[in-house]
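Just below is one structure, and these are the notes that go with it.
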Amino acid sequence: AARRDAAIGEFYPTAPVVAWDRPIAFDEAHLAYFGINWDRRRHGLFALLGEEPWMDLYGPEHGWAHLTGSRYKGMVPFDGISVLERYRQAGAGLCLFSDSHFSDNIITSRVFEICAAGALVVAPRMPWLAENFGDAILYFDQGASDREIHDQLQQHMLWIRAHPTEAEALAARSHQIFTSRFSLEVLLPNVISFHERVVASPRPVPEQGTVSVVVSWPDRSADTLKRTTFELGGKSPNVIFACRIVVAPSAAREAVLGSSVLWSGLRACQGEYVAALPSGDEWMSGHITSLVQALAGEEAANLAFSSSIV
């Protein structure tokens, strides 16, 4: 949970700036696409693109087994540079978004990777891209049919090859926008400075209260319970509300707080707040404090949730 009037930091799944030592031959450009193709949402489109001599498809072999052409180019190492090299070798990169990404106006790392490679971005027309990159991208209509999208992409590739100078200028514009606003070198320092501002800003703390923590206890070992209660006692040393631990004995198969175990624990809870700690999990220092502060700062919120580190 978070306050609606709280500042929000900006970070995207971006890429670093890379110094390239060779130009792109846009008059011989290919269109590179990287994907797992797990949902088969564009099976027909990729079947069409797989027959085109200007298309290069990369990803796990099982995702592209349906292709009958020779445009599948295999896997690429996850080393931070090989994907960018393939985009630059091709000269243009294709972005396709899932329906949920597209409807929510959320972009993926492919946009930034293509820009980092200095290649041309070919992507669906969507508000975020239009607002931030304007006409420095070659757009197509993702809502069109597979055949219509294929035809739009084909027209883009014909234009790139016939107008290499203009294509190079377009790619340079998108690359400049990326390096000045969205590269890892720009966004990462922003994250650090934003974190420092948030940590330094005063946050509301409840004057008093009790947090009941439901703890699963699958092995019913005294050592396990002792260690868990000790860990809880040290996680929020500056908290002025008490932690009341509710032990919920459970079978091994319900060690992660199955519904019956959770409900038995919740029925025994007291106080203003409740929390659940699955067996084997550990809370970071300040975990309880931060969640209660979030709830205290937003009267309409009934639940506070934090992410986890696996």
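Remember, predicted model here, so these are calculated numbers, not experimental data.
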May I ask you to test the H101-I107 pair for a side-chain heavy-atom distance under 4.5 Å?
no
Determine whether V121 and C95 make a side-chain contact, defined as any pair of heavy atoms from C-beta on separated by less than 4.5 Å.
yes
Let me see the working for L138 and L170 under side chain to side chain contact (heavy atoms under 4.5 Å, CB included), right down to the final yes or no.
CA-CA 9 Å; L138 295 179; L170 203 62; 3.7 Å; yes
Would you confirm whether T14, through its side chain, and F182, through its main-chain N or O, come within 3.5 Å as a donor-acceptor pair?
yes
What about the rings of F194 and F11, do their centers lie closer together than 6.0 Å?
no
Indicate yes or no for a side-chain donor-acceptor contact from R71 to the backbone of L49 under 3.5 Å, with no hydrogens or angles considered.
no
Verdict with supporting geometry, F34 and W64, ring pair (Phe, Tyr, Trp, His ring centres under 6.0 Å):
CA-CA 11 Å; F34 288 82; W64 303 103; over 10 Å; no
Step by step, work out the side chain to side chain contact (heavy atoms under 4.5 Å, CB included) result for T165 and H163.
CA-CA 6 Å; T165 302; H163 303 83; over 6 Å; no
Verify the ring-centre separation between Y33 and Y58: is it less than 6.0 angstrom?
no
Are D56 and R86 close enough for a salt bridge, meaning some N to O gap below 4.0 Å?
no
Using the rule given for side chain to side chain donor-acceptor pair (under 3.5 Å), can you reason through S82 versus D79, listing the C-alpha separation, both sets of side-chain angles and the distance that settles it, and then say yes or no?
CA-CA 6 Å; S82 292; D79 56 9; 2.7 Å; yes
Single-linkage hydrophobic cluster, 4.5 Å side-chain cutoff, F140 and L120 together
yes
is_close_aromatic(W159, F26), centroid dist under 6.0 Å
no
Do the non-hydrogen side-chain atoms of P124 and Y139 ever get within less than 4.5 Å of each other?
no
Which pairs count as salt bridge (Lys or Arg N to Asp or Glu O under 4.0 Å) when at least one residue sits in residues 167-188, sequence neighbours excluded?
D135-R173
Go through E10 and V191 one step at a time and tell me if the side chain to side chain contact (heavy atoms under 4.5 Å, CB included) criterion holds.
CA-CA 7 Å; E10 181 181 58; V191 170; over 6 Å; no
Could you check E196 against S193 for side chain to side chain donor-acceptor pair (under 3.5 Å), going step by step and ending with a plain yes or no?
CA-CA 5 Å; E196 292 173 345; S193 61; over 6 Å; no
Would you check if L96 and F102 make a side-chain contact, meaning some heavy-atom pair closer than 4.5 Å?
no
Same apolar cluster (I L V M F W Y, side chains within < 4.5 Å links), Y12/F178
yes
Heavy-atom side-chain proximity of R161 to W54 below 4.5 angstrom:
yes
Just checking, any donor-acceptor pair under 3.5 angstrom between side chains of H150 and E52?
yes
Go through the steps to decide whether W128 and F97 satisfy the test ring pair (Phe, Tyr, Trp, His ring centres under 6.0 Å), and finish with yes or no.
CA-CA 13 Å; W128 192 95; F97 303 112; 9.5 Å; no
Test side chain to side chain contact (heavy atoms under 4.5 Å, CB included) on R42 and I149 and set out the steps.
CA-CA 10 Å; R42 288 294 185 181; I149 293 178; 3.5 Å; yes
Work out which heavy atom in A92 is nearest to a heavy atom in V122; give both atom names and the distance.
CB-CG2, 4.4 Å
